[in-house]
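Okay, so here's the structure we're looking at.
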Amino acid sequence: MSGSYLRMKSIVFGYTLPTKLLAQAGISNLRVYASADNLFTITSSDYIGFDPQTRPTGFQSWSYPVPTNIMFGINLGF
């Protein structure tokens with residue numbers, strides 16, 4: 001079986017609002033963001049198992065799949 005895989009390890013999307021919009025509210029900085037870790041893994045069609053990432057020895061590890069983490073946040077400055 002092929003051990004080839006493609007994994008979206010980490011991605012972050014963010015937007016900083018213009019200061020003109022924030023000045024009236026007395027806010028100097030406002031950034032909204034979303035972050036995702038381990039979003040997806042694509043493996044070869046003949047791969048059997050949870051996670052294709054192996055140990056340095058090269059042996060298949062039957063550990064549980066890597067969890068997907070999604071986080072949303074706001075950075076606010078006055």
Side-chain angles (χ1 to χ4, degrees):
M1 105 177 113
S2 173
S4 301
Y5 68 96
L6 174 69
R7 176 174 286 160
M8 176 60 72
K9 188 74 172 166
S10 180
I11 190 164
V12 177
F13 294 106
Y15 180 73
T16 302
L17 275 74
T19 54
K20 280 186 172 183
L21 296 175
L22 303 173
Q24 294 176 353
I27 300 171
S28 63
N29 186 16
L30 179 66
R31 178 175 171 80
V32 179
Y33 65 92
S35 170
D37 295 325
N38 304 315
L39 201 53
F40 64 85
T41 303
I42 300 171
T43 60
S44 61
S45 60
D46 66 341
Y47 180 76
I48 301 170
F50 288 123
D51 188 2
Q53 191 168 352
T54 60
R55 296 182 179 162
T57 60
F59 290 105
Q60 172 65 44
S61 173
W62 288 100
S63 60
Y64 288 102
V66 179
T68 299
N69 300 311
I70 299 175
M71 180 174 53
F72 299 96
I74 297 173
N75 292 337
L76 183 61
F78 290 97

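For clarity, every value in this text was computed on a predicted model and none was experimentally measured.
Annotation: side chain to side chain contact (heavy atoms under 4.5 Å, CB included) contacts of Asn75 (sequence neighbours excluded): Arg31, Tyr33.
Contact detail for Thr19 and Ser28: the closest heavy-atom pair is CG2-O, 3.8 Å. Looking at every heavy atom in both residues, Val12 comes nearest to Ser35 through CG2-OG, 3.8 Å.
How far CD1 of Ile42 is from CZ of Arg7: 11.5 Å, rounded to the nearest 0.5 Å.
A continuous path of Ile, Leu, Val, Met, Phe, Trp and Tyr side chains, each step under 4.5 Å between heavy atoms, connects Phe13 with Leu39, placing both in one hydrophobic cluster. By the rule that hydrophobic residues join a cluster once side-chain heavy atoms approach within less than 4.5 Å of another member, Phe40 and Ile11 end up as members of one cluster.
Grouping Ile, Leu, Val, Met, Phe, Trp and Tyr by side-chain contacts under 4.5 Å, direct or through others, puts Tyr15 with Leu17, Leu22, Ile27, Leu30, Val32, Ile74, Leu76, Phe78.
In the model, Ser10 has a side-chain atom that pairs as donor or acceptor with a side-chain atom of Asp37 under 3.5 Å.
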